[in-house]
Every structure is written in C-alpha cells, then in structure tokens.
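Remember, it's 1-based here, ligands and their atoms both numbered in the order they're listed.
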Amino acid sequence: MIRQAIIRYLERTGQTTLSPKAVLFDMDGVLYDSMRFHARSWHETATRHRLISAPEDYYMFEGRTGHSTIDELFQRTFGRTATLEEKESIYQEKAALFNQYNDGQPMTGAAEVLQQVKACQLQTLVVTGSGQLSLIDKLNQSYPGCFIREKMVTSYDVKYGKPDPEPYLMGLEKAGVARNEAIIIENAPMGVQAGAAAGIFTIAVNTGPLPDQILTDSGADLLYADMLSLAKDWQKIMDIARTEKG
Ligand code: MG
C-alpha cells in the first residue's frame with residue numbers, strides 16, 4: 001500500500017524520488033483534538049447571525065481561513081460576500097466562543113508521530129489556516145522543541161489559504177526544501193487538496209466524522225484512521241521512500 005502510494009506520487013508529480021527532509025503538520029484535527037470545538041463555536045456564532053449552516057459543514061470548510069468561511073456563509077444566506085467589518089466582528093465572536101469551549105487536548109498519537117519524525121532527523125513545521133492564537137501559542141508547551149514561530153504558516157501569513165497550495169508552498173520555503181523533500185499530515189479535505197496541488201506527498205489522517213472517501217478523492221496519497229497508526233508505520237514509510245525511484 002505504501003509502496004504503491006509512493007510510486008503513484010512519483011508518477012503524478014514527475015519527481016524521481018521522495019526524499020523527506022521536513023514534515024508539514026496541519027494543526028487542528030492533527031496536533032490538537034479541537035475540531036469539534038471549532039464546529040460548535042462556528043455553528044453557534046453563525047446561527048446567532050442568522051447565517052445558514054449545519055455543524056457538519058465546518059468539517060468540510062476546515063482549513064480555509066475564518067474570513068473565507070464567513071464569506072461562504074454570507075454567499076449562501078444573503079447572496080453576497082461579507083464586509084470586512086462583518087468578517088472581523090463575527091470571527092472575533094467565534095474565536096471567543098472557541099476559547100471558552102476548547103480544552104486544549106493534544107491529539108492522541110500526535111506526540112508519537114513527532115517522536116518518530118524527530119528520530120528520522122526531519123524538520124517539523126506547522127501549516128494552519130487557523131488564526132486562533134490560543135492554540136498557536138500553546139504549541140510549544142504541548143510539543144516542546146518541535147515548532148518555532150518563525151517557521152509556522154498561519155492565517156496571518158497567507159493571502160488565499162487552503163485549498164490553495166499557497167500555505168504549503170510557503171511552508172516549503174520556510175523549511176528550505178523542495179516539494180519532493182516534504183511530507184504533509186492533514187485531516188481536512190481542503191487541506192489535502194492544498195497539499196496535492198502543491199505537489200507534496202500528503203498523508204491524510206481521518207480524525208473527524210467525514211467518510212474516508214472524501215479525503216481520498218481530495219488527493220490524499222495515504223490514509224490513516226488515527227495518528228497512532230501513522231506513528232506505527234512511520235519508519236516503514238521512510239524506508240520505502242528512500243528505496244523507491246521514479
Ligand atoms: Mg485540520
């Protein structure tokens with residue numbers, strides 16, 4: 001399964017090798033078990049503003065910036081985009097609710113994945129569509145020595161955000177590596193689309209309620225049910241990547 005995935009990646013991108021030097025981690029749903037709190041605070045905020053949505057929508061929107069989510073809700077409800085003022089105040093409201101609900105729990109198995117990645121001497125970076133400073137600032141405490149702020153890509157750094165490849169291309173630049181020298185770990189369809197569009201080997205971990213098929217259709221090269229099973233396979237992925245040539 002891993003070998004076939006790497007061969008397919010090499011064929012698709014025209015690269016001759018997959019030589020990992022850096023791992024680009026998404027944050028929500030990968031490093032933190034925070035998606036249900038995002039979905040809940042988004043849905044409550046939207047409902048207060050009479051914006052049409054269902055709690056599940058936010059798992060499909062995951063990865064895009066807050067402003068882009070608000071535009072989408074305005075489009076479907078009122079047939080127009082939101083003004084900057086509306087976007088700023090609604091996002092602030094959502095962020096405040098999120099801070100109230102979120103328990104800051106790291107994702108089960110994420111520390112084990114990081115341990116494996118570090119043991120392989122790979123760089124570790126965060127590439128998130130989030131602007132929630134409460135979590136971004138907590139990364140160093142949850143995962144000591146793994147992520148430094150200068151090498152993070154957040155909603156404050158990007159113009160388009162996921163599903164555009166932009167955030168992951170910025171991640172490559174910050175890591176100083178080529179696209180075939182990185183691996184992405186993502187849980188969201190739009191994040192996987194961004195990774196695939198950037199030409200980077202993208203591993204999906206389905207930590208939420210969406211069917212696996214959505215992540216595969218979005219372009220995931222490999223799919224795991226949780227971070228712990230990815231940690232168990234990590235060395236195998238590295239060994240196969242090092243021997244497979246396109
Ligand atoms: Mg995510």
Can Gln75 and Asp71 be counted as having a side-chain donor-acceptor contact under 3.5 angstrom? no
With sequence neighbours left out, the residues meeting side-chain hydrogen bond (donor to acceptor under 3.5 Å, both in side chains) with Asp164 are none
Which residues satisfy the side-chain hydrogen bond (donor to acceptor under 3.5 Å, both in side chains) test with Glu62, sequence neighbours excluded? Asn187
Using distance alone, with no hydrogens and no angle criterion, decide if Glu86 and His49 have a side-chain donor and acceptor under 3.5 Å apart. no
Which of the protein's N, O or S atoms come within less than 2.8 Å of the Mg ion (ligand 1), not counting waters? Asp26 OD2, Asp28 O, Glu62 OE2, Asn187 OD1
Side-chain donor-acceptor pair present, Ser142, Tyr32, cut-off under 3.5 Å: yes
Taking only residues at least two apart or on different chains, which pairs with a member in residues 184-203 satisfy salt bridge (charged side-chain N to carboxylate O under 4.0 Å, His left out)? Lys162-Glu186
